[in-house]
Amino acid sequence: MSATKAFSFEPMLCESAEWPPEGPEWHYELKLDGFRAIGRKSGRSAQLWSRNHKDSTGRFPAVTSALLELPGDNVIDGEALIALASGVATG
């Protein structure tokens, strides 16, 4: 599978709504203002991309390594950030 193949999975983007959806099937997470990322594990390789399709594999090596621990082949849409003792940084 080539690196561009994962881009058939676009990140979920925010939508405006008057109220958030309710019900047992809905779960929410805190927005920490990190980097939106799509991670892909295929076999024994893993890659991480920004929502603009830029390779972020080397920028977040711990996240890339964690992808390798997942069973099977996976595509994950999430947020990557760097936590500092003084707070959370996005850089």
Side-chain angles (χ1 to χ4, degrees):
M1 182 181 286
S2 71
T4 57
K5 185 71 171 174
F7 293 129
S8 62
F9 297 94
E10 293 293 328
M12 292 177 64
L13 301 176
C14 295
E15 292 184 9
S16 295
E18 193 167 323
W19 296 99
E22 294 183 17
E25 69 277 7
W26 290 95
H27 300 277
Y28 301 94
E29 64 185 52
L30 293 175
K31 174 65 175 126
L32 299 173
D33 204 26
F35 291 99
R36 194 57 181 266
I38 298 174
R40 181 177 67 93
K41 180 206 174 206
S42 179
R44 289 189 272 176
S45 67
Q47 295 84 31
L48 194 63
W49 292 278
S50 74
R51 65 185 175 106
N52 298 318
H53 302 175
K54 294 184 178 160
D55 188 340
S56 299
T57 303
R59 186 170 200 171
F60 297 99
V63 175
T64 304
S65 293
L67 289 170
L68 292 171
E69 300 299 319
L70 296 172
D73 292 349
N74 293 277
V75 175
I76 296 179
D77 177 11
E79 185 177 11
L81 56 96
I82 300 169
L84 303 174
S86 61
V88 176
T90 60

Show which side-chain atoms of residues 61-71 pair as donor or acceptor with protein atoms under 3.5 Å away, not counting sequence neighbours.
unit_1, atom_1, unit_2, atom_2, d
T64, OG1, T57, O, 3.1
T64, OG1, F60, O, 3.1
S65, OG, P61, O, 3.1

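- Atom CD of E18 sits in a sparse spot, with 12 or fewer heavy atoms from other residues, nucleotides or ligands closer than 6.0 Å.
- Side-chain contact between F35 and R59 is present, with at least one heavy-atom pair separated by less than 4.5 Å.
- Among residues two or more places apart in sequence or in another chain, the side-chain contact (heavy atoms from CB on, under 4.5 Å) test is passed with W26 by P21, Y28.
- Taking 4.5 Å as the limit, every side-chain heavy atom of L48 sits out of range of all side-chain heavy atoms of I38.
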- Task: For salt bridge (charged side-chain N to carboxylate O under 4.0 Å, His left out), just list the numbers for R36 and D77, CA-CA rounded to whole Å, side-chain angles, deciding distance to a tenth of an Å, and then say yes or no.
- Result: CA-CA 8 Å; R36 194 57 181 266; D77 177 11; 3.0 Å; yes
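- In this structure, D55 contributes its side chain and Q47 its backbone to no donor-acceptor pair below 3.5 Å.
- Within the model, atoms OG of S45 and CZ of R40 stand 5.5 Å from one another, a figure rounded to the nearest 0.5 Å.
- Of the possible polar contacts, one joining the K41 side chain to the G72 backbone as a donor-acceptor pair under 3.5 Å is found.
- Taking each heavy atom of S50 and S56 in turn, the nearest pair found is N-OG, 3.7 Å.
- Nearest heavy-atom pair, E25 versus E22, reported as atom, atom and distance to 0.1 Å: OE2-O, 4.1 Å.
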